[in-house]
Amino acid sequence: GLRIGIGAAANNAMTIDNAFVHGTNLMVIVGQGGSATNYGNALTVANGGRLAVGGITQIGTGGSSSNRFVLDGGVWGSSGDTWVTNTGTLRIGDNASSFNSLAVTNATLIAVGVMSVGGGSNNQAVVGGGGVVSNLAALNIGTNSGAHFNGLIVTNGGLVSSAAGAGIGLVANANSNAALVTGSSSLWTLNNSALAVGMAGNTGNVLTIDQGGTVDNITTLTVFTNNLINLYGGTVGVVNATVTNGPLFTAGDGIQTALLKGYGGNLNFSGGLLINSNATLRADGTVSGGARGVGLTNGATLEVGLASDGPAALTIGSSLTWYGGGVYHCEVIDVAMTPGVGWDVVNVNSQLVLSGSSDNKLVIQLDTMGVTASNFSPTVAYMLRVCASAGLSGFDTNQITIDTNAFLNASDGVWVPVTDGANLYVAYLPNTTNALWEEWNAPNSGNWSQDPNWIDDSAPAPGAPATRLIFGGDNDT
């Protein structure tokens with residue numbers, strides 16, 4: 001194996017600079033021994049250097065401390081060529097080791113095994129500045145009982161790709177471990193695998209997304225009680241989520257742009273979910289906020305379905321409180337179809353609470369996605385159900401604005417909000433001078449819905465509030 005700093009050995013170093021080192025089952029150890037006598041050892045791969053190994057790589061083990069593995073312009077592993085691919089585990093700070101580190105900048109680390117950060121304390125992996133860590137199986141932070149203050153940082157456009165699940169503090173008594181994804185274009189993709197933050201009985205393990213970072217393609221996100229996920233600014237994309245931590249989960253810090261994406265599964269925030277100013281909830285499937293419900297606050301946006309995918313349906317499995325200044329972005333492609341197919345719809349299983357004011361109105365944005373909606377005529381009235389609920393309160397037409405800047409069909413009528421029981425609609429009322437006229441075929445008597453009872457042999461469409469009805473007489477009365 002390749003061993004740097006074994007036993008009572010400190011401050012030893014090896015650099016692979018524009019060179020290639022490989023071995024079929026090569027084990028690499030940087031720092032092995034007690035913390036008092038084994039520390040400060042380093043392995044650096046730089047300037048086009050390559051290290052391809054097939055065994056376990058350990059940076060700090062057996063209680064060793066402050067050892068470093070640095071990739072700066074180099075490559076570790078090589079799954080894309082005929083050289084040996086690393087198939088073993090990459091361990092940063094194994095056992096009771098502390099203050100050991102991995103740094104990947106302007107370099108690529110390719111592995112098909114498990115990467116673990118922190119069997120002891122204060123071990124860290126940093127991926128940034130063009131660094132790529134790819135082809136990982138599982139990625140775990142805080143891997144032994146008692147492990148604490150271990151961390152993963154993805155920053156300045158770094159990329160981490162794992163595919164067999166990940167955990168932060170996933171063993172008993174592993175507390176206060178963390179992952180931070182921060183900076184524009186910084187990405188941790190889980191490639192449709194699960195991510196757990198903490199476990200029952202553990203505390204203080206945290207996943208934080210900030211300053212435009214992204215954690216995406218999570219099949220199941222589980223955040224246990226007394227552990228946290230912080231979405232300050234950036235993106236989280238997940239199919240299913242269970243966040244059991246007691247406090248309200250707030251998407252966005254109110255200043256940065258933040259996006260919570262739900263890929264058609266169930267997102268359950270037992271302590272409540274608040275979409276903050278400058279944040280967006282973009283989801284289909286079901287989103288629930290427990291007893292506190294889901295809140296859409298001033299400057300927040302609700303989008304149903306994924307971007308550019310067309311209309312969809314979103315179920316709010318709890319109550320939904322829509323505050324003044326909150327925006328519901330509703331895509332419309334065909335006014336002759338049904339809710340969730342022709343246009344977006346939100347179905348609220350509990351109460352829909354409208355909490356706007358004349359000075360701070362709720363906003364419904366109608367968007368035909370860059371083209372005109374099908375089957376729309378400016379002379380015909382329409383009612384589009386955009387929300388259904390078990391109970392609606394706070395409705396006031398003067399506190400809701402219909403924004404049609406992105407509704408590209410020509411029209412000279414008006415859009416207004418209306419209700420029907422617990423349902424919320426947007427209704428199009430054509431200009432009355434161009435509105436439809438329906439005249440009763442006097443002296444017939446019978447049901448309005450029967451076509452022969454009308455002059456043109458066509459009954460008025462149900463729910464068409466702008467259609468003018470004429471029942472005979474010289475004065476059109």
Item to check | Shortest non-hydrogen contact between Ala459 and Asp451, atoms and distance | outcome: N-OD1, 2.8 Å
Next on the checklist: Would you compute the distance between atom CD1 of Ile92 and atom CG of Asn67 and round it to the nearest 0.5 angstrom?
Outcome noted: 10.5 Å
Checklist entry - Would you say Trp343 and Thr338 make side-chain contact, with heavy atoms under 4.5 Å? => result no
Checklist outcome for this item: Closest non-hydrogen contact found for Ala107 with Asp72 is CB-N, 4.0 Å
Next on the checklist: I need the Asp403 CG to Tyr328 OH distance, nearest 0.5 Å.
Outcome noted: 14.0 Å
Item to check | Nearest heavy-atom neighbours spanning Ile316 and Val294 | outcome: CG2-CG2, 4.1 Å
Checklist entry - For Ser161 and Trp188, does a side-chain donor sit closer than 3.5 Å to a side-chain acceptor? => result no
Next on the checklist: As a quick check of understanding, evaluate side chain to side chain contact (heavy atoms under 4.5 Å, CB included) for Gln399 and Leu354, giving each step before the final call.
Outcome noted: CA-CA 9 Å; Gln399 297 177 5; Leu354 307 182; over 6 Å; no
Next on the checklist: Measuring only between side-chain heavy atoms, which start at C-beta, is Val418 closer than 4.5 Å to Met383?
Outcome noted: yes
Checklist entry - Strictly by modelled atom types, are Asn266 and Asn268 linked by a side-chain donor-acceptor pair under 3.5 Å? => result no
Next on the checklist: Could you tell me if Gln256 and Asp210 have a donor-acceptor pair between their side chains, going purely by distance under 3.5 Å?
Outcome noted: yes
Next on the checklist: So, applying side-chain contact (heavy atoms from CB on, under 4.5 Å) with Ile209, which one of Leu180, Asn230, Leu231 is it?
Outcome noted: Leu231
Item to check | Pair Ile364-Thr401, side chain to side chain contact (heavy atoms under 4.5 Å, CB included): steps then yes or no | outcome: CA-CA 6 Å; Ile364 301 175; Thr401 294; over 6 Å; no
Next on the checklist: As a quick check of understanding, evaluate side-chain hydrogen bond (donor to acceptor under 3.5 Å, both in side chains) for Asn217 and Asn191, giving each step before the final call.
Outcome noted: CA-CA 5 Å; Asn217 301 311; Asn191 295 293; 5.4 Å; no
Checklist entry - When you look at Tyr323 and Asn298, which way does the side chain to side chain contact (heavy atoms under 4.5 Å, CB included) test go after all the steps? => result CA-CA 6 Å; Tyr323 295 96; Asn298 184 18; 5.6 Å; no
Checklist entry - So, for Trp322 and Leu362, which heavy atoms are closest and what is the spacing to 0.1 Å? => result O-CD2, 3.4 Å
Checklist entry - How long is the gap from CG on Asn405 to CD on Gln365, to the nearest 0.5 Å? => result 8.5 Å
Next on the checklist: Could you tell me if Asp367 and His329 have a donor-acceptor pair between their side chains, going purely by distance under 3.5 Å?
Outcome noted: yes
Checklist entry - Taking side chain as C-beta onward, heavy atoms only, is Thr368 less than 4.5 Å from Asn409? => result yes
Next on the checklist: When you compare the side chain of Asn123 with that of Ile59, does any pair of heavy atoms fall below 4.5 Å?
Outcome noted: no
Checklist entry - Is it the case that more than 12 heavy atoms not belonging to Phe224 sit under 6.0 Å from its CZ atom? => result yes
Checklist entry - Are any non-hydrogen side-chain atoms of Arg282 and Leu259 less than 4.5 angstrom apart? => result yes
Next on the checklist: Set out, in order, the CA-CA distance, both residues' side-chain angles and the distance that settles side chain to side chain contact (heavy atoms under 4.5 Å, CB included) for Leu207 and Leu195, then state yes or no.
Outcome noted: CA-CA 10 Å; Leu207 169 65; Leu195 171 60; 3.7 Å; yes
Next on the checklist: Can you tell me how the ring of Trp415 sits relative to the ring of Phe407, calling it parallel under 30°, perpendicular over 60° and tilted otherwise?
Outcome noted: perpendicular
Next on the checklist: Would you say CZ of Phe395 has more than 12 non-hydrogen atoms from neighbouring residues, nucleotides or ligands within 6.0 angstrom?
Outcome noted: yes
Checklist entry - Do Leu190 and Val215 have side-chain heavy atoms sitting under 4.5 Å apart? => result yes
Next on the checklist: Counting only heavy atoms not in Tyr263 (residues, nucleotides, ligands), do more than 12 fall under 6.0 Å from its OH?
Outcome noted: yes
Checklist outcome for this item: Contacts satisfying salt bridge (charged side-chain N to carboxylate O under 4.0 Å, His left out) that involve residues 256-277 (not counting sequence neighbours) are Asp216-Lys261
Checklist outcome for this item: Closest non-hydrogen contact found for Tyr428 with Gly413 is OH-N, 3.1 Å
Checklist outcome for this item: Contacts of Asn140 meeting side chain to side chain contact (heavy atoms under 4.5 Å, CB included) (sequence neighbours excluded), chain-then-number -> Val114, Ala138, Thr143, Leu170
Checklist entry - Do you know the tightest heavy-atom contact between Leu366 and Val332? => result CD2-CG2, 4.3 Å
Checklist entry - Would you say the side chains of Thr257 and Asn278 form a donor-acceptor pair under 3.5 Å? => result no
Item to check | By side chain to side chain contact (heavy atoms under 4.5 Å, CB included) - contacts of Thr203 (at least two apart) | outcome: Asn175, Asn226
Checklist entry - Is the closest side-chain heavy-atom distance between Asn349 and Thr315 below 4.5 Å? => result yes
Next on the checklist: Any non-hydrogen side-chain atom of Thr242 less than 4.5 Å from a side-chain atom of Thr220?
Outcome noted: no
Item to check | Ser389 side, atom OG; Leu352 side, atom CG - distance, nearest 0.5 Å | outcome: 5.0 Å
